[in-house]
Amino acid sequence: MTGCNPPLPAGISSPGRVFRRRLRALGLTLCLLLFVTPAMAAKLTYQVKGLRGETKDNVEAFLNALPVFQERQFRTARPKITESVQQALQVFGYYQPKITLSRYKNAPARVVIEVDAGKPVIISRLDILLEGDVGSDDIFSALLDKLPLQEGDPLHHGKYESIKADLGSLGLARGYFDAKISKSQVKVFPDQGTAEIYILFRSGQRYHFGEIHYDATPEALRLIRPLVNIKSGDPYLAIRLAEMSQDISSTRMFKEVDIRPMVSQAEGNRVPVQVTLSNRVDHEIETGIGFATDVGPRISATWEKPWVNSYGHRLNATAKVSQPEAELSFDYQIPVGNPLRNYYSLQAGYQYKDINDTRSDLTTLSVRRWTRQPESWDRNVFIRLENEVFTQGADKGNSLLLIPGVSWSRLRMRGGLVPDWGDRQQLTLEFSDPYWGSDISFVRVWGRSRWLRSLGEDHRFLLRAEQGAIIGDSFSLVPPSLRFFTGGDQTVRGYGYETISPRGSDGKLLGGRYVSVASAEYSYRFSDRWLGALFVDGGTATVDYSEAWKIGPGVGVRWVTPIGQVRLDLAVAITEDDKPLRLHFALGPEL
């Protein structure tokens, strides 16, 4: 028989034809077995025993990088399997392991690798020599004091490579553009259980900033001048360029900021710097839509003109509309020196509110002087003129107030979208007196503090406190925009938005002379994107603290998205007779 279809004699009878069909089927089956069986042969898989942690992970990674071996190739593959395990262990300093390979009788494709790693070799000598200007650089001295490897430590080739990488990257960051590692060597003495490391880092001379070239409009140069933190002749520092780029971008006046050292054009160890700026367009419009359980659906629109004139003045207008509120505001900013830290803000706005027992038409004009300090306290000194026509419960009025004041705020935070540490403090003092034209006299003080701390990687604690007071005689004439209300997803959950307040004889909300709020929340991170929370909120808005505090404990879930945390909380108002449940939804930062 030749091939897959053997020839048969002609003129076969009917039984012969049946036999021929069966013979042809048998031939096809043999051909299928001939070609398919090798492809279906079992492949070797590996089970590592005797190791754990990163050592085991590395061995498995090396094994996964081996070629695919069939079961019948086990004998020829043994040396390569053993060698691969040895190389993986040497990364962590294990140079004399005992490795045993075996297979299960009922599953011969399963290779069991028993490993006794033994003791790692110990670094008996670690010599890192710095030559050139880097020898007198204190930052490099600090790096050598905090090396991931020291004499007496087990040899770790990954950490050895990281030392070399750190030397190179720090050299580039500090202007040692001619630096190189002239010698790097690891000598291992397995019989003695020791290793010696030698690294010679030659830096040459340190480069300095050269001439700064600008490709920008005259008004852009005038605006960024206080933000330029380098000058020709200063020692080169990459972080200075990064900070300068970040500051200029933070002004939001440019659509492109490109700051780069021209190393290839360096002369005499001076590196010129090219600064390229492209101004934003004349007008920009943004629209948005959102939802919160406090105010329901909300739409917004913002119009901004970044460059009103050549002095870097900017103007923006914002409109927000929801069912209980409508707001229109204008903000004209005038930089004074550093545009990020010092500027005047001329503001005008109108707000209409019809919610619960509050109806208000508020018009404001204000002048503010901002002083901002990164990682420290921002200060806002202001004088505000406001006219408010209002109905608050049984109180009605039309107030005209001239209010000077000052506020301080500070935000510190670490950890990105799910911060693990941070705090925010806010404090505002406001004054009003008929002496300068106001209808009534009062002092208003309000403050809030939020603290976020973590225990380990998964346990987070958020504490909040708020206190406010209005000191004065004519409280019934104080407009609702200055009175205190609380309740809602940002204060006391389990209660509606600003529904905690003293009530008049008609049962309508009046607003409080004082407000006090406290909250404690624990959250557990059970995946990269999801957290669960337990919390209890408490607070009151009151005239004389005769009312009991409103308490709202509950549970929540947090979903981490690229635009911030989505928070869904279910709280119960336990201080109410019917213990109502309320669902709160919010999007935004915790602090």
Side-chain angles (χ1 to χ4, degrees), residues 285-303 316-331 347-364 386-399 448 466 468 478-504 506-512 515 517 537 539 541 550 552 554 556-557 559 561 563-573 576 578 580-590:
I285 297 176
E286 294 182 0
T287 59
I289 186 171
F291 176 86
T293 49
D294 284 348
V295 296
R298 167 180 282 182
I299 60 174
S300 63
T302 300
W303 168 72
N316 66 69
T318 302
K320 299 178 182 178
V321 179
S322 63
Q323 183 177 3
E325 297 177 334
E327 181 180 348
L328 178 64
S329 62
F330 297 88
D331 187 5
Q347 297 180 348
Y350 170 78
Q351 182 185 64
Y352 170 78
K353 178 183 288 190
D354 188 356
I355 184 172
N356 300 326
D357 299 320
T358 302
R359 179 165 183 172
S360 167
D361 287 275
L362 174 64
T363 305
T364 61
E386 63 177 49
N387 176 245
E388 186 168 1
V389 180
F390 65 90
T391 299
Q392 182 61 59
D395 294 340
K396 296 184 179 181
N398 184 347
S399 66
R448 173 185 288 167
E466 179 181 346
V478 174
S481 63
L482 297 174
R483 299 185 188 189
F484 293 112
F485 301 82
T486 192
D489 55 47
Q490 297 296 316
T491 54
V492 183
R493 286 162 285 191
Y495 291 83
Y497 178 55
E498 295 190 348
T499 58
I500 300 176
S501 159
R503 295 179 181 269
D506 56 0
K508 293 185 178 181
L509 301 175
L510 292 177
V515 65
V517 176
D537 301 337
K550 306 295 185 180
V557 64
W559 177 36
T561 73
I563 59 174
Q565 287 190 40
V566 177
R567 303 190 301 278
L568 190 65
D569 293 322
L570 180 64
V572 55
E576 302 304 310
D578 53 351
L581 292 172
R582 190 173 186 87
L583 189 66
H584 296 273
F585 172 84
L587 170 64
E590 296 171 290

Quick one: side chain to side chain donor-acceptor pair (under 3.5 Å) partners of [X], sequence neighbours excluded?
X: E590; value: R460, Q565
X: E498; value: none
X: E388; value: S360, S481
X: S501; value: none

Sort out for me which residue in T491, V517, I500 forms a side-chain contact (heavy atoms from CB on, under 4.5 Å) with K550. I500
D489 versus Y497, side-chain donor and acceptor atoms under 3.5 Å: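 Absent: no donor and acceptor within the cut-off.
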Examine the side chains of N387 and D361 and answer whether a donor and an acceptor come within less than 3.5 Å of each other. no
Validation row: E386, L362 side chains within 4.5 angstrom (heavy atoms):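 SC-SC contact between E386 and L362 confirmed.
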Q392 versus F485: any side-chain heavy-atom pair under 4.5 Å?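 Sidechains of F485 and Q392: in contact.
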Specify the closest pair of heavy atoms between [X] and [Y], including all atoms of both residues, with the distance to one decimal.
X: L581; Y: V572; result: CD2-CB, 3.6 Å
X: H584; Y: Y495; result: CE1-O, 3.4 Å
X: L328; Y: A319; result: CD1-CB, 4.1 Å

Between K353 and E327, is the closest basic N to carboxylate O distance under 4.0 Å?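 K353 and E327: not salt-bridged.
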Main chain of P297, side chain of Q323: is a donor-acceptor contact present, judged purely on distance under 3.5 Å? no
Separation between CZ of R359 and CZ of F390, rounded to the nearest 0.5 Å: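 Spacing of CZ (R359) from CZ (F390) equals 14.0 Å.
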What distance separates D537 CG from D569 CG, expressed to the nearest 0.5 Å?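 D537 CG to D569 CG: 8.5 Å, rounded to 0.5 Å.
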Test salt bridge (charged side-chain N to carboxylate O under 4.0 Å, His left out) applied to R567 - qualifying residues, sequence neighbours left out: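 Counting only residues at least two positions away or on another chain, R567 forms no salt bridge (charged side-chain N to carboxylate O under 4.0 Å, His left out).
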Restricting to salt bridge (charged side-chain N to carboxylate O under 4.0 Å, His left out), what partner residues turn up for R483, sequence neighbours left out?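 For R483 the salt bridge (charged side-chain N to carboxylate O under 4.0 Å, His left out) partners, ignoring immediate neighbours, are D395.
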Under the side chain to side chain contact (heavy atoms under 4.5 Å, CB included) criterion, do N356 and T499 qualify, and how do the steps go? CA-CA 7 Å; N356 300 326; T499 58; 3.7 Å; yes
